[in-house]
Peer 1: 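One structure, as structure tokens, below. Some questions next.
For ligands, and for the atoms within them, numbers begin at 1 and follow the listed sequence. Because the structure is a prediction, the values reported are computed rather than measured. Both backbone and side-chain heavy atoms feed into the values below; hydrogens, waters and symmetry mates do not.
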Amino acid sequence: FSAVAPVEEEVPREPSVGELLERANRDRKPDSDEPTLIGGDIAIHSEADKNADPCTSNGCLWLKYTDGNVYIPYYIADHYSDRERAIIVRGLESFSGVSCIRFRPYQNGDHEWLSIESRNGCYSYVGRQGGGQTVSLSRQGCLYHSTVQHELLHALGFNHEQTRSDRDNHIRVLWENIIDASFNKTIDTLNQGTPYDYNSVMQYERYAFSKNNLPTMEPIPNSNVSFGQATEMSKNDIDRLNRLYKCCKFPVPKANMFKCYVNVSFYNFLLWKVADFRKDGMEKMAMLEIWRSERANTQRHVCV
Ligand SMILES: [Zn+2]
């Protein structure tokens, strides 16, 4: 008689976005015309960009149109296969159901657009740069729904969750295990009043940038809590996107940065005059319910 340990079924798990990005960028050899990367996958123009969130300091939002949507032209290089292209398009289109962001194909006359190409690694600039800006999604390792969403969120203005200014309240950085301390410096990021989110698609995982296979980050206070395992945008990722771009059709109960007016009728207009999201408690929730029930009749939203 011999005791046999039960064999645990291996459940195949899609690697987290952080694992995928690190794997794809680890031994990256950039061409001479490619940008320097910081934080693993953020493209910068100059050394000065290392020290601040370029989006917070210079402004980097994409422009909003009178219909309330933010149209962002994209061009997808023709070196992708149909399957690869479909993954990219799925990522681009995943924003339209949950926000006012509308990625649309490049047209003659566009002044600013995303040029999605398979260069060396996965990377993007943070926010709108002007002209064509490269979003690299290498055919070697970057073509996953999570990595596409992650790079697009960079292009929309977001940084990594672990560089948030309030990071040290939620994550302990184990500096002795990190390849390069600059990976985990905190900066003034566009948090939009949303809580720190372990499940953000912008949060790297426990072993990110490790030089010795030991953890580089652990949650506070319970170091065993799982984090950095996202395979798609979290609710918080979507909420902060809608707040940053003031997407009227997708308000969230805690929003306190904008009001939405609906000009369906004078009655609705009056309702919306008092639907001030800065009001607390039951009244705010009640107004949100009214808004939900009226939404079907909505013809046009105006952000003020
Ligand atoms: Zn990134």
Peer 1: Before we go on, tell me: are the rings of Trp113 and Tyr75 under 6.0 Å apart, centre to centre?
Peer 2: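 Trp113 vs Tyr75: aromatic centres not under 6.0 Å.
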Peer 1: Run the ring-centre check on His145 versus His150 and record whether the distance is less than 6.0 Å.
Peer 2: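 No, ring centres 6.0 Å or more apart.
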Peer 1: Using a strict threshold of under 4.0 Å (side-chain N to carboxylate O), is an ion pair present between Asp67 and Arg102?
Peer 2: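 Salt bridge flag = no for Asp67 with Arg102.
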Peer 1: Which angle, to the nearest 10 degrees, do you find at the Zn ion (ligand 1) between NE2 in His150 and NE2 in His160?
Peer 2: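 If I round to 10°, I get 110°.
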Peer 1: Can the ring centroids of Tyr74 and Phe103 be said to lie less than 6.0 angstrom from one another?
Peer 2: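 Here the rings of Phe103 and Tyr74 have centres that are no less than 6.0 Å from each other.
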Peer 1: Any N/O/S atom from Asp41 (main chain or side chain) under 2.8 Å of the Zn ion (ligand 1)?
Peer 2: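 So Asp41 counts as coordinating the Zn ion (ligand 1), yes.
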Peer 1: I'd like to know: is the Zn ion (ligand 1) within the 2.8 Å range of an N/O/S atom from Cys122, strictly under that distance?
Peer 2: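 No - counting backbone and side chain alike, Cys122 has no N, O or S atom under 2.8 Å.
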